[in-house]
Asker: 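This is the structure I have questions about; it appears just below.
Note that the structure is a prediction, hence the values are computed from the model and not measured. Counting starts at 1 for both ligands and their atoms, following the listed order. The chain is numbered in sequence order, starting from 1.
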Amino acid sequence: MTLKAGFIGTGGISAKHLNAMKAMKDKVEIKALCDVSEDAARARAQEYGGNVYTDYKKMLDEDLDIAFICVPPDSHGDIEVQCAEKGLHMLVEKPVNLYLEDAIKANEAIKKAGVITSVGYLAGYNNVDLAVKKFLDGKTIGMIVSERWGGVPGDENHWWRVMDRSGGMLHEQATHQLNTMRYYAGDVVEVYKRDALRINKELPNHTVPDCEIVTLYFKSGAIGYITTTCTMINGGGWGRMDIIVEGHMRIQPGRNDLKVIPDGAADIVVSDEPVLDLDQSFIEAIIIGDRSLVIDNYENGLKTAAITLAANESARINKPVSVYQP
Ligand SMILES: NC(=O)c1ccc[n+]([C@@H]2O[C@H](COP(=O)([O-])OP(=O)(O)OC[C@H]3O[C@@H](n4cnc5c(N)ncnc54)[C@H](O)[C@@H]3O)[C@@H](O)[C@H]2O)c1
């Protein structure tokens, strides 16, 4: 079976998925590429093949099986609804949308169509995450915290630094860490965020907060927080996650390893067996018809986006805000 794939948005992240599909060319044909910038779509077509479009609705007239949706947070419009109505399986890049109502509509259309979806989060597609998740199963988490501190991607014309386009660092970037926190600790029901823009004010067109701190209340009763800053434009970025868990210990999952503190408090074995990555899991799920291979489907992506959108609203009104639950 060869799945025919179309891409909507052929900028930076599309290359990762295009390379992954090229590596699976016995399973996937790159059939169509769409970008509102014809040059962007043509450049990718030269490298990967496929018909070029500037209007995704026209692209959807092609005979396709799957769509990769790789547009900025404010640009999803009704792309997912249209793809669902055409019966296309979808890999949607995170965050799923800047507008909660549009994401809710997309989720409903997806559920109605019964298509398989995946969101571009990486949590759970590696052995460290799997081992920690297994260890935490059934245990009481007291608190989970994370930091994502970095710089500002792109130049002064980039959508990332504009709050009305990206939703800010928490919604656009630290959404990865927050999704991982949700993967470990479950759903978040309420948030309270404070933010500031004091240091990056000197950068042109920069309207996203440069420091954010969010208190998180989980459905389980656990609490947590996440902080971000994009002030580290000259280097000095940093990140961490810490989970305070029953047994009086801390677990720090890293990218390739994990730490249990104090030493020896628990023995968490990390397998070295190969695991399917995000793209492979999505394609295998479709081919064998097993959606459980996908860790975060669209509804999970919606849950994570709902947390950061509620956090932004909380900062705006300076009050705790309940998180939408699908
Ligand atoms: N999973 C990850 O680790 C990861 C990494 C980078 C980016 N992303 C996400 O991927 C998304 C895109 O990021 P990027 O870095 O590729 O951005 P980008 O600006 O490089 O590319 C986005 C492309 O989408 C096009 N586009 C916008 N609206 C469109 C529409 N209606 N139809 C067709 N094309 C349209 C733009 O012209 C642009 O070429 C963002 O949501 C970002 O958060 C995820």
Side-chain angles (χ1 to χ4, degrees), residues 6-20 32-45 47-48 50-60 62 64 67-83 90-99 102-103 106 117-126 129 148 150-180 183 205 208 228 230 239 255 277-279 281-282 294-296 298 300-302 304-305 308-309:
F7 282 73
I8 304 173
T10 60
I13 193 63
S14 72
K16 178 174 165 274
H17 301 300
L18 283 161
N19 285 332
L33 300 158
C34 172
D35 200 293
V36 287
S37 153
E38 190 174 339
D39 288 350
R42 280 211 184 284
R44 294 288 186 222
E47 192 173 349
Y48 299 96
N51 302 323
V52 169
Y53 293 86
T54 53
D55 177 350
Y56 79 87
K57 288 185 183 154
K58 293 209 172 105
M59 185 184 97
L60 295 184
E62 285 224 26
L64 299 172
F68 286 81
I69 299 163
C70 305
V71 299
D74 67 330
S75 305
H76 287 263
D78 61 353
I79 293 176
E80 288 82 3
V81 172
Q82 299 284 330
C83 289
M90 278 170 256
L91 192 151
V92 182
E93 264 306 342
K94 43 56 57 178
V96 294
N97 212 304
L98 182 60
Y99 308 108
D102 288 350
T117 55
S118 178
V119 178
Y121 290 112
L122 304 174
Y125 295 110
N126 65 78
D129 291 5
R148 179 159 179 167
V152 178
D155 63 15
E156 63 187 65
N157 299 314
H158 201 284
W159 51 264
W160 193 90
R161 59 174 70 191
V162 180
M163 191 62 175
D164 291 343
R165 297 219 54 204
S166 69
M169 185 165 185
L170 177 76
H171 184 64
E172 203 279 338
Q173 240 177 24
T175 184
H176 273 298
Q177 282 65 32
L178 199 54
N179 190 65
T180 304
Y183 171 73
N205 290 331
V208 297
T228 80
C230 55
R255 208 167 266 180
D277 66 20
L278 169 74
D279 292 280
S281 302
F282 174 57
V294 169
I295 300 196
D296 283 309
Y298 191 88
N300 277 348
L302 166 57
T304 298
T308 48
L309 292 171

Asker: Side chains of Leu91 and Asp279: does their closest heavy-atom pair fall under 4.5 Å?
Answerer: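 The answer is yes; the side chains approach within 4.5 Å.
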Asker: Answer yes or no for Trp159: is there a heavy-atom contact with ligand 1 below 4.0 Å?
Answerer: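 Checking ligand 1 against Trp159, which is what was asked, there is a heavy-atom contact under 4.0 Å.
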Asker: Looking only at non-hydrogen atoms, which of Lys94, Gln173, Arg44 approaches atom 41 (O) of ligand 1 most closely?
Answerer: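 Shortest heavy-atom distance from atom 41 (O) of ligand 1: Lys94.
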Asker: What I'd like to find out is whether the side chain of Tyr125 reaches to under 4.5 Å of the side chain of Val294, using heavy atoms alone.
Answerer: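 Yes. Closest side-chain heavy atoms under 4.5 Å.
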Asker: Nearest protein heavy atom to atom 12 (C) of ligand 1, by residue and atom, and its distance?
Answerer: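 Closest protein heavy atom to atom 12 (C) of ligand 1: Cys70 O, 3.6 Å.
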Asker: Judged by modelled atom types alone, do Tyr121 and Thr175 share a side-chain donor-acceptor pair under 3.5 Å?
Answerer: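 On atom types as modelled, these side chains qualify, holding a pair under 3.5 Å.
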Asker: With side chains defined as the heavy atoms from C-beta onward, is the minimum distance between Asn179 and Lys94 less than 4.5 Å?
Answerer: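 Not in contact.
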Asker: Walk me through it: do Gln173 and Trp160 pass the test side chain to side chain contact (heavy atoms under 4.5 Å, CB included)?
Answerer: CA-CA 10 Å; Gln173 240 177 24; Trp160 193 90; 3.7 Å; yes
Asker: So, Asn19 versus Tyr48: side-chain donor-acceptor pair below 3.5 Å or not?
Answerer: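 Yes - a donor-acceptor pair under 3.5 Å links their side chains.
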Asker: Is any side-chain heavy atom of Arg44 less than 4.5 Å from a side-chain heavy atom of Val52?
Answerer: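 When only atoms from C-beta onward are counted, Val52 and Arg44 do not touch, as no gap falls below 4.5 Å.
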Asker: Provide the number and element of each atom of ligand 1 under 4.0 Å from a heavy atom of Pro73.
Answerer: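 Counting from 1, the qualifying ligand atoms are 41 (O).
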Asker: Indicate yes or no: at least one non-hydrogen side-chain atom of Trp159 is less than 4.5 angstrom from one of Glu172.
Answerer: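 A side-chain contact exists here, since the closest heavy-atom pair is under 4.5 Å.
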Asker: Give yes or no for whether the N/O distance cutoff of 3.5 Å, strictly under, is met between Leu122 and ligand 1.
Answerer: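 In this structure, Leu122 places no N or O atom under 3.5 Å from an N or O of ligand 1.
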Asker: Looking only at protein heavy atoms, which one is nearest to atom 21 (O) of ligand 1, and what is the separation?
Answerer: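 Of the protein heavy atoms, Gly11 CA, 3.3 Å lies nearest.
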Asker: Nearest non-hydrogen contact with atom 40 (C) of ligand 1 belongs to which option: Val71, Thr175, Ile13?
Answerer: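 Nearest option to atom 40 (C) of ligand 1, by heavy atoms: Val71.
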Asker: Any idea which protein heavy atom is nearest atom 38 (C) of ligand 1, and the distance to it?
Answerer: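 Nearest neighbour among protein heavy atoms for atom 38 (C) of ligand 1, to 0.1 Å: Asp35 OD2, 3.4 Å.
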Asker: For ligand 1 and Glu172, I'd like to know whether there is a polar contact (N/O to N/O, distance under 3.5 Å).
Answerer: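 In this structure, Glu172 places an N or O atom under 3.5 Å from an N or O of ligand 1.
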Asker: Compute the shortest N/O to N/O distance between Gly12 and ligand 1 and return yes if it is under 3.5 Å, no if not.
Answerer: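 Yes, there is a polar N/O contact under 3.5 Å.
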Asker: Heavy-atom distance under 4.5 Å between the side chains of Ser166 and Val208, does that happen here?
Answerer: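 Yes. Closest side-chain heavy atoms under 4.5 Å.
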Asker: Minimum distance, heavy atoms only, to atom 24 (O) of ligand 1: which one of Ala41, Gly167, Gly9 is it?
Answerer: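 The option holding the nearest heavy atom is Gly9.
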Asker: Is there a side-chain contact between Asn51 and Glu62 in this structure, where contact means two heavy atoms from C-beta onward sitting under 4.5 Å apart?
Answerer: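 The answer is yes, as the side chains (C-beta and beyond) meet within the 4.5 Å cut-off.
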Asker: Looking only at protein heavy atoms, identify the closest one to atom 27 (C) of ligand 1 and say how far it is in Å.
Answerer: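 Nearest protein contact, heavy atoms only, for atom 27 (C) of ligand 1 is Pro72 CD, 3.7 Å.
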Asker: Applying a strict 4.0 Å limit to heavy atoms, is His176 in contact with ligand 1?
Answerer: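 His176 counts as a contact of ligand 1 under the 4.0 Å cut-off.
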Asker: Which residue and atom name correspond to the protein heavy atom nearest atom 31 (N) of ligand 1, and how close is it?
Answerer: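 The closest heavy atom on the protein side is Ser75 O, 3.9 Å.
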Asker: Would you check whether Ser14 has a nitrogen or oxygen atom less than 3.5 angstrom from a nitrogen or oxygen atom of ligand 1?
Answerer: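 In fact, backbone or side chain, Ser14 has no N or O that close.
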Asker: Should Ser75 and Arg165 count as side-chain neighbours, where that means a heavy-atom distance under 4.5 Å?
Answerer: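 In contact.
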Asker: Before signing off on this row, confirm whether Glu93 and ligand 1 have an N or O atom pair separated by under 3.5 Å.
Answerer: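 In this structure, Glu93 places an N or O atom under 3.5 Å from an N or O of ligand 1.
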Asker: Where is the nearest protein heavy atom to atom 30 (C) of ligand 1: which residue, which atom, and how far?
Answerer: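 Looking at atom 30 (C) of ligand 1, the protein heavy atom closest to it is Val36 CG1, 3.7 Å.
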